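Structure first, then comments.
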Amino acid sequence: MNDDHDTAGVMRFIFEAGVLKRAARTGWWFAGVKDPESIADHSFRTALIGMMLAAMEGADPARVSMLCVLHDTQETRITDIPHIARRYLTAAPNTTVTADQVAACPPAVADLVNAAVAEYEAGETPEAIVARDADKLECLVQAVEYRHQGIDNVQRWIDSSHAALKTASAHRLAEAALSGQPLAWLTPPPPPA
């Protein structure tokens with residue numbers, strides 16, 4: 001395989017991932033959010049949460065962040081299927097979609113992406129467990145933010161996300177989110193005494 005072919009395959013995946021910046025997280029429409037966050041918005045904050053949660057749980061923050069960044073890339077092809085729709089639709093497994101997405105990439109890239117998605121989907125390693133918690137925690141945090149913006153039909157997202165958390169640190173962060181104020185960061189902390 002030549003370098004031009006390799007770079008063209010990588011760029012195909014990069015261009016495809018860009019669609020996630022425009023694709024909405026559709027489940028929020030059911031809660032009454034007219035202009036919900038994009039899938040890329042969700043993945044970005046999931047990666048940040050994952051990095052911090054990994055540090056709190058003793059997992060590899062870089063690996064967790066990578067798993068978080070890649071966890072919804074398949075939605076360029078299958079979209080963000082809302083929970084209710086999953087009763088009626090069967091999508092290809094995320095590992096299958098990912099393999100198709102990176103098929104034109106050089107083996108080093110394809111192997112890296114495929115392995116990360118497979119690890120996330122299996123949910124067995126400490127990093128995958130933390131990454132999955134980061135995904136649920138980000139959904140909970142987003143629901144809290146929407147509630148503070150006046151969208152009051154978000155409790156089911158809060159409850160289901162909270163119930164899915166596995167790690168002690170994720171539970172503590174969820175409690176802090178539920179009792180916190182999304183804009184509290186605008187007020188500087190008092191100077192040390």
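The structure displayed is predicted, hence computed values, not measured ones.
Around atom CZ of R12, no more than 12 heavy atoms belonging to other residues, nucleotides or ligands sit under 6.0 Å away. Applying the 6.0 Å contact sphere to NE2 of H83 captures no more than 12 heavy atoms from other residues, nucleotides or ligands. With a 6.0 Å radius and a threshold of 12 heavy atoms from other residues, nucleotides or ligands, R77 has its CZ atom above the threshold.
Summarising the geometry of W29 relative to K34, their closest heavy-atom pair is NE1-O, 3.8 Å, with the distance given to 0.1 Å. Taking every heavy atom of both residues into account, C105 and G9 meet most closely at SG-O, 3.5 Å. Smallest separation of non-hydrogen atoms from A143 and I158: CB-CG1, 3.5 Å. The two residues V154 and A31 come nearest to each other via the heavy atoms CG1-CB, 4.1 Å. The nearest pair of heavy atoms linking A170 to L137 is O-CD1, 4.0 Å. A24 approaches P36 most closely through the heavy-atom pair CB-CG, 3.9 Å.
Side-chain contact between W157 and R147 is absent, with no heavy atoms from C-beta onward closer than 4.5 Å. Put simply, the side chain of P126 does not reach to within 4.5 Å of the side chain of V130, judged on heavy atoms. Residues L53 and V64 fail the side-chain proximity criterion, which asks for heavy atoms closer than 4.5 Å. Two residues are said to be in side-chain contact when any heavy atoms from C-beta on lie closer than 4.5 Å; L20 and D72 fail this criterion. In this structure, L112 and M66 have side chains that are in contact, with non-hydrogen atoms separated by less than 4.5 Å. Side-chain contact between V10 and D6 is absent, with no heavy-atom pair separated by less than 4.5 Å. Side-chain contact check for R172 versus S169: some heavy-atom pair is nearer than 4.5 Å. For the pair I129 and E57, the minimum side-chain heavy-atom distance is 4.5 Å or more.
Both I151 and W28 are members of a single hydrophobic cluster when ILVMFWY side chains are connected at heavy-atom separations under 4.5 Å. The hydrophobic clustering, which links ILVMFWY residues whose side-chain heavy atoms are closer than 4.5 Å, places V69 and I49 apart. No single ILVMFWY cluster, assembled from side-chain heavy atoms under 4.5 Å apart, contains both L48 and V141.
Atom CG of L67 sits about 12.0 Å away from atom OG1 of T46, to the nearest 0.5 Å. Considering CG of L183 and NE2 of H148, their distance stands at 8.5 Å, rounded to 0.5 Å. In this structure, E138 CD and D41 CG are separated by 8.5 Å, a value rounded to the nearest 0.5 Å. In this structure, the separation between CG on L140 and CG on D135 is 11.5 Å, given to the nearest 0.5 Å. Rounding to the nearest 0.5 Å places NE2 of H42 at 8.5 Å from SG of C68. Interatomic distance, K21 NZ to S43 OG, rounded to the nearest 0.5 Å: 13.0 Å.
Side chain of D133 to backbone of T167: a donor-acceptor contact under 3.5 angstrom is found. Judged by distance alone, with hydrogens and angles left aside, the side-chain atoms of H171 form a donor-acceptor pair with the main-chain N or O of L165 at under 3.5 Å. A distance-only check finds a donor-acceptor pair linking the side chain of Q101 to the backbone of T73 [under 3.5 Å]. For E127 (side chain) and D60 (main-chain N/O), a donor-acceptor pair under 3.5 Å exists by modelled atom type.
Side-chain atoms of H71 and N94 include no donor-acceptor pair closer than 3.5 Å.
Ion pairing between E119 and R63 holds under the 4.0 Å rule for side-chain N and carboxylate O.
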Problem set entry | Verdict with supporting geometry, I84 and F30, side chain to side chain contact (heavy atoms under 4.5 Å, CB included) | CA-CA 10 Å; I84 188 75; F30 295 103; 3.8 Å; yes
Problem set entry | Stepwise side-chain hydrogen bond (donor to acceptor under 3.5 Å, both in side chains) check, Q142 with R25 | CA-CA 11 Å; Q142 186 63 64; R25 301 251 303 154; over 6 Å; no
